[in-house]
Amino acid sequence: RFLEEGFRRVSMDELARDLAMSKKTLYANFKDKHELVHAVILSKLESVESELSAISTAAGAVEFPQLLTDLITCLQRHTSEISIAFVRDIERSMPELFVFIETRRRIFLQSTFGRVLERGKELGKIRTDLDTNILIGILLGTVDAIYDRAALVALPEALRLHYSEHLTRITPGVPLLLITYEYDQTV
């Protein structure tokens, strides 16, 4: 429930009820909500990494373009399970955890896509003169550049539409997800 609604909006009472356990039992396992959030994050990261590893190690069993599609589809599916409210809550309330997540994500994706891109070179699907680290840097840099939360939040509705059309034009054929939300700008 944290991932869908953000952890600030979900109380320990609600979680205990959802999990069909007493609040006392919940606190027996986690000293506070932050410890529980940390455990949820670690579990999610391990799940994503396990699935991506399974896909990337099956590289010989599927065609290279399908392998890339499977990896990106897996990432998109897992990403869609995490709300902007959750990301915002982590970034604001637990900045050290946010940095940990971003660092781990970057390292894991570099490793996973590095292996896959090297395999693509071996198969002749990617030019061998291209530096894999540069390709990964471009991939991660593009994601980081597009995912600019502060800029997107501040845009009025008309500009968000223009911005999304612009992103589609400059990244043809690339699946994009633009998440925006309304908020009281006087707060």
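Every heavy atom of this structure was used, including side-chain atoms; hydrogens, water molecules and symmetry mates were not. From a predicted model like this one, the values you see are computed outputs, not experimental measurements.
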Item to complete: Indicate yes or no: at least one non-hydrogen side-chain atom of Phe98 is less than 4.5 angstrom from one of Val87.
Response: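 They are in side-chain contact.
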Worksheet item: Is there a side-chain contact between Val40 and Phe30 (heavy atoms, below 4.5 Å)?
Response: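 Side chain of Val40 against side chain of Phe30, heavy atoms only: no contact under 4.5 Å found.
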Using side chain to side chain contact (heavy atoms under 4.5 Å, CB included) as the criterion, list what pairs up with [X], not counting sequence neighbours.
X      : answer
Asp18  : Arg1
His78  : Lys44, Ser47, Val48, Glu51, Cys74, Glu81
Thr103 : Val99, Ile107
Thr25  : Met21, Ser22, Asn29

Worksheet item: What residue pairs, at least two apart or across chains, pass ring pair (Phe, Tyr, Trp, His ring centres under 6.0 Å) with a residue in residues 31-53?
Response: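 Counting only pairs at least two positions apart or across chains, the ring pair (Phe, Tyr, Trp, His ring centres under 6.0 Å) contacts touching residues 31-53 are Phe7-His34.
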Item to complete: Hey, could you give me each pair passing ring pair (Phe, Tyr, Trp, His ring centres under 6.0 Å) that has a residue in residues 100-139? Not counting sequence neighbours.
Response: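 Output for this query is empty, none listed.
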Worksheet item: Does Thr69 use its side chain to pair, donor to acceptor, with the backbone of Pro65 at less than 3.5 Å?
Response: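 Looks like yes, one N/O pair under 3.5 Å.
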Fill in: Expected output: side-chain Lys125 to main-chain Arg119 donor-acceptor under 3.5 Å
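No; judged by distance alone, with no hydrogens or angles, the pair does not exist.
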Please find the pair of heavy atoms, one from [X] and one from [Y], that lie closest to each other, and give the distance.
X      : Y     : result
Met12  : Leu36 : SD-CD2, 4.0 Å
Gly120 : Phe64 : CA-CE1, 3.4 Å
Val116 : Ser56 : CG2-CB, 3.8 Å

Under the side-chain hydrogen bond (donor to acceptor under 3.5 Å, both in side chains) rule, collect the residues that match up with [X], sequence neighbours excluded.
X      : answer
Asp70  : Gln66
Thr112 : none
Ser11  : Glu14

Rounded to the nearest 0.5 Å, what separation is found between the [atom1] atom of [X] and the [atom2] atom of [Y]?
X      : Y      : atom1 : atom2 : result
Asn133 : Gln110 : CG    : CD    : 7.5 Å
Glu102 : Glu91  : CD    : CD    : 8.0 Å
Ile136 : Leu109 : CD1   : CG    : 9.0 Å

Fill in: salt bridge (charged side-chain N to carboxylate O under 4.0 Å, His left out) pairs, two or more places apart, involving residues 23-39
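Residue pairs with at least one partner in residues 23-39: Asp13-Lys23.
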Worksheet item: Residues two or more places apart in sequence or in another chain: which of them pass salt bridge (Lys or Arg N to Asp or Glu O under 4.0 Å) with Arg115?
Response: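 So Arg115 forms no salt bridge (Lys or Arg N to Asp or Glu O under 4.0 Å) with any residue.
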Discussion item. Run the salt bridge (Lys or Arg N to Asp or Glu O under 4.0 Å) test against Asp129 and tell me which residues pass, sequence neighbours left out.
Written reply: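 Here the qualifying residues are Arg127.
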Item to complete: Verify the neighbour count for atom CZ of Arg9: are there more than 12 heavy atoms of other residues, nucleotides or ligands below 6.0 Å?
Response: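 Check fails, neighbour count at 12 or below.
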Fill in: Derivation of the side-chain contact (heavy atoms from CB on, under 4.5 Å) call for Arg104 and Leu42
CA-CA 10 Å; Arg104 185 163 168 174; Leu42 286 178; 3.6 Å; yes
